[in-house]
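So the structure is just underneath, and the comments pick up after that.
The structure presented is a predicted model; accordingly, all values stated were derived computationally and were not measured. Letters A, B, ... mirror the listed sequences (proteins, then strands); counts begin at 1. Excluded from the calculations below are hydrogen atoms, water molecules and symmetry mates; all remaining heavy atoms, backbone and side chain alike, are included.
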Amino acid sequence: MQVKQLHPWPGSVAEAQALQDRLRGQVELTGPTDFRLVAGLDVHYRGDELTAAVVVLDPGAPEPVEQVVVEGRVAFPYVPGLFAFRELPALVEALERLTVTPDLLVCDGYGLAHPRGFGLACHLGVLTGVPALGVGKTPFVGTYETPGPERGDWSPIVHEGAVVGRALRTRPGVKPVYVSQGHRISLDTATGQTLRLASRYRLPEPIRHADHLARHPA
DNA sequence: GCGACAG
DNA sequence: ATCTTGTCGC
């Protein structure tokens with residue numbers, strides 16, 4: 001698929017933050033409500049080396065539509081809030097190698113629920129123009145009440161007075177996941193898709209597939 | 001000022 | 001993220 005050219009690479013924390021502040025203005029918080037091809041993205045680390053995996057699913061179909069694995073190196077030190085810069089080059093390359101264009105990107109991490117409102121899911125969404133959402137496994141920014149115990153129960157994540165995401169229970173009695181908008185998607189739709197894609201396990205199927213592929217490359 | 005902080 | 005065993009439960 002076509003991906004916008006990767007911007008000049010930031011050489012410092014300040015440059016990376018400035019880039020996020022600039023790109024944040026391009027995020028759109030509304031978009032389609034139905035999606036056919038859904039891509040899951042994840043990265044596996046081994047020291048400074050990494051493996052990025054993208055798996056495209058057609059929910060309901062027994063087999064993935066397409067899978068891509070890219071080997072690379074960590075592209076930025078780990079700084080909370082700048083996490084995206086570590087794996088962006090490898091993920092972008094993997095997306096470029098796809099022969100199909102997904103209708104939705106399901107990212108492992110956060111989107112709007114981020115210190116500057118521009119997490120990995122926003123970044124990938126803006127670079128591709130494709131609707132994107134982020135699913136985090138642990139809390140990051142903001143405060144929230146523990147959601148009810150049933151699948152589908154959720155509570156808003158509030159950061160600096162604004163709702164930036166939701167703590168969502170995808171499995172009864174299992175700790176929630178943290179959903180936020182990436183690009184071209186509403187919070188209701190992001191929540192609905194996360195729930196739809198995580199019917200059997202806590203995490204959405206596309207992310208589970210990508211995680212497995214990144215750990216055990218074919 | 002100090003601690004906490006997606007993966 | 002990663003270093004790491006067994007164990008409880010569906």
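- Under the salt bridge (Lys or Arg N to Asp or Glu O under 4.0 Å) criterion, Arg24(A) pairs with Asp21(A), not counting sequence neighbours.
- Side-chain contact check for Gln181(A) and Ser186(A): no donor-acceptor pair (N or O, by modelled atom type) lies under 3.5 Å.
- Centroid-to-centroid, the aromatic rings of Phe83(A) and His114(A) stay 6.0 Å apart or farther.
- We find that OH of Tyr45(A) is positioned 9 Å from P of dT2(C), with the value rounded to whole Å.
- Here dC5(B) presents its P atom at 12 Å from OH of Tyr178(A), a figure rounded to the nearest Å.
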Which string of ( ) [ ] | and . matches DNA chain B, if you list each base 5' to 3' and count Watson-Crick or G-U pairs only when both distances are under 3.5 Å?
-> .......
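- Computed from coordinates, the Gln17(A) CD to dA6(B) P distance equals 16 Å when rounded to whole Å.
- For Asp42(A) and Arg208(A), the salt-bridge test fails: no basic side-chain N is under 4.0 Å from an acidic carboxylate O.
- Summarising the geometry, the separation between CD on Glu49(A) and C1' on dA1(C) is reported as 14 Å, rounded to the nearest angstrom.
- The side chain of Arg46(A) contributes no N or O atom lying less than 4.0 Å from OP1 or OP2 of dG7(B).
- Between Asp42(A) atom CG and dA6(B) atom C1' there is a gap of 12 Å when expressed in whole angstrom units.
- Centroid-to-centroid, the aromatic rings of His7(A) and His123(A) come within less than 6.0 Å.
- In this entry the distance linking CZ of Arg116(A) with P of dA6(B) reads 14 Å, nearest Å.
- Around CD of Gln26(A), the count of heavy atoms belonging to other residues, nucleotides or ligands within 6.0 Å exceeds 12.
- As judged by a 4.0 angstrom heavy-atom cut-off over every strand, Phe140(A) is placed among the base-contacting residues.
- Residue contacts shown for Gly134(A) are absent, as no nucleic acid heavy atom lies under 4.0 Å away.
- Between Asp48(A) and Arg86(A) there is no salt bridge, since none of the side-chain N atoms of the basic residue sits less than 4.0 Å from a carboxylate O of the acidic one.
- Within 4.0 Å of Leu82(A), counting heavy atoms only, lies at least one base atom of the nucleic acid.
- Residue Thr138(A) places its side chain closer to dG7(B) than to any other of dG7(B), dA1(C), dC5(B).
- Ranking dG7(B), dA6(B), dT2(C) by closeness to the His114(A) side chain, first place goes to dA6(B).
- Pro115(A) comes within 4.0 angstrom of no nucleic acid atom, judged by non-hydrogen atoms across all strands.
- Counting any heavy atom pair closer than 4.0 Å across all strands shown, Leu50(A) reaches no nucleic acid atom.
- The shortest distance between the side-chain N/O atoms of Tyr78(A) and the OP1/OP2 oxygens of dC5(B) is not below 4.0 Å.
- Linking Ile, Leu, Val, Met, Phe, Trp and Tyr residues whenever their side-chain heavy atoms come within less than 4.5 Å places Leu112(A) and Leu105(A) in a single cluster.
- Within the nucleic acid shown, Gly136(A) comes within 4.0 Å of sugar-phosphate atoms alone, with no base atom in reach, counting heavy atoms only.
- Straight-line distance from the CG atom of Leu88(A) to the P atom of dA6(B): 18 Å, rounded to whole Å.
- Residue Ile157(A) contributes atom CD1, which lies 15 Å from atom P of dC5(B) at whole-angstrom precision.
- Counting non-hydrogen atoms under 4.0 angstrom, Arg171(A) reaches nothing in the nucleic acid.
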